[in-house]
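Atoms considered below: every heavy atom in the structure, side chains included; atoms not considered: hydrogens, waters and symmetry mates. FYI, the numbering just counts along the sequence from 1. Whatever order the structure lists ligands and atoms in, that order sets their numbers, starting from 1.
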Amino acid sequence: MDVERIGEELPLLEGIRTTRAIRRLKPDPVPAELIRKVCEAGTYAPSGGNRQPWKFIAVTEPERREWVAVRYRRVFHDYIAPALEAAEAPDFPERKRRNMRAALHLADHLHEAPVHLFVAGWKRRGVEQVQGLFPAIQNVLLACRAVGLGASLTTLHTSFREELDPWLGLPPEIPTCALLPIGWPIGRYGTPPRAPVDEKLFWERYDPERDRR
Ligand SMILES: Cc1cc2nc3c(=O)[nH]c(=O)nc-3n(C[C@H](O)[C@H](O)[C@H](O)COP(=O)(O)O)c2cc1C
């Protein structure tokens with residue numbers, strides 16, 4: 001695999017339009033160089049004062065992924081269980097049901113995802129700066145799309161962060177913000193379901209009459 005060349009051909013806007021949450025992943029390993037490449041894309045993100053607060057921690061050892069997965073699964077089932085039940089009702093919107101099922105699949109198979117990429121970042125004046133990390137996180141997701149890796153953005157791990165962050169070696173002033181399970185996709189990339197831009201774009205003034213959601 002030519003890591004330098006892989007993913008370089010995909011047009012930017014096409015990549016943006018065809019990046020969606022890929023939560024069904026093969027357990028096959030991902031070359032470390034490819035993880036380095038998608039993290040490098042993350043480092044090109046903008047940040048306040050160009051402070052570049054991000055830290056990427058790639059967890060790949062099976063026992064360590066199991067450690068994370070056990071806790072993620074527990075939190076998912078504890079907090080999301082009522083929503084899961086509701087999603088199986090016949091009148092529940094199909095699109096949302098599929099999303100819930102995919103999230104459940106991820107929770108139950110997280111240990112199989114070959115890379116658990118954590119994104120953490122410096123606090124500023126004692127306050128967590130998640131907004132300083134999300135541009136980098138989105139760059140990583142787009143880079144995964146470009147090189148053919150599947151990835152999704154999760155934040156459920158924040159429920160067990162007190163235990164997780166020290167386990168990752170992170171001091172309190174660099175909390176984890178996101179967990180991106182990454183691996184080779186089982187499904188395909190495709191255009192994610194989104195409302196048309198004309199429902200979201202307003203010229204000069206917001207119009208509540210036109211805003212249906
Ligand atoms: C801030 C944020 C937090 C999220 N947390 C989770 C999560 O904890 N678990 C999960 O499975 N997906 C999580 N997601 C992914 C969303 O569910 C996903 O982006 C959304 O369903 C759209 O999916 P699609 O791009 O495949 O259409 C999160 C997304 C964002 C932006």
Query - ligand 1 contact by Tyr79, heavy-atom criterion under 4.0 angstrom - result: no
Query raised in the report: With only distance considered, is Leu156 within less than 3.5 Å of ligand 1 through an N or O on each side?
Result: yes
Report summary line: the protein heavy atom lying closest to atom 9 (N) of ligand 1 turns out to be Tyr72 OH, 3.2 Å
**Report entry** Atoms of ligand 1, numbered as shown, that sit under 4.0 Å from any heavy atom of Ala103
**Finding:** 11 (O)
Query raised in the report: Atom OH of Tyr72 and atom CG of Leu156: how far apart are they, to the nearest 0.5 Å?
Result: 4.5 Å
Requested in this report: Can you sort out which atoms of ligand 1 are near Asn99, meaning under 4.0 Å from one of its heavy atoms?
Outcome: 21 (O)
Report task. Please determine if Thr19 has a nitrogen or oxygen closer than 3.5 Å to a nitrogen or oxygen of ligand 1. Result -> no
Query - hydrophobic_cluster_shared for Ile22 and Leu142, side chain cutoff 4.5 Å - result: no
Query - Atom CZ of Arg98 with >12 non-hydrogen neighbours under 6.0 angstrom - result: no
Query raised in the report: Of Leu141, Thr158, Leu153, which has the heavy atom at the shortest distance from atom 2 (C) of ligand 1?
Result: Leu153
Query - Under 3.5 Å: N/O of Thr154 near N/O of ligand 1 - result: no
Query raised in the report: Arg20 to ligand 1: N or O pair under 3.5 Å?
Result: no
Report summary line: Across all chains, not counting sequence neighbours, the side chain to side chain donor-acceptor pair (under 3.5 Å) partners of Glu8 are Lys37
Query raised in the report: Who's closest to atom 17 (O) of ligand 1 heavy-atom-wise, of Arg98, Arg23, Arg194?
Result: Arg23
Query - Partners meeting ring-ring contact (aromatic ring centres under 6.0 Å, His included) with Tyr79 (sequence neighbours left out) - result: none
Query - Exercise: do Arg145 and Thr18 side chains pair donor with acceptor under 3.5 Å - result: yes
Query raised in the report: What do you reckon, does Pro193 have a nitrogen or oxygen under 3.5 Å from a nitrogen or oxygen of ligand 1?
Result: no
Query raised in the report: Do Tyr206 and Asp211 get their side chains close enough for a donor-acceptor pair, meaning under 3.5 Å?
Result: yes
Query raised in the report: Below 3.5 angstrom, do we get any N/O pair linking Ala21 and ligand 1?
Result: yes
Requested in this report: Could you tell me how the ring of His157 sits relative to the ring of Phe160: parallel (under 30°), tilted (30 to 60°) or perpendicular (over 60°)?
Outcome: perpendicular
Query - Nearest-contact summary for atom 8 (O) of ligand 1 - protein heavy atom, Å - result: Thr155 N, 3.0 Å
Requested in this report: Could you check whether the rings of Phe118 and His116 sit parallel, tilted or perpendicular, using 30° and 60° as the cut-offs?
Outcome: perpendicular
Query - Non-hydrogen protein atom less than 4.0 angstrom from atom 21 (O) of ligand 1 - result: yes
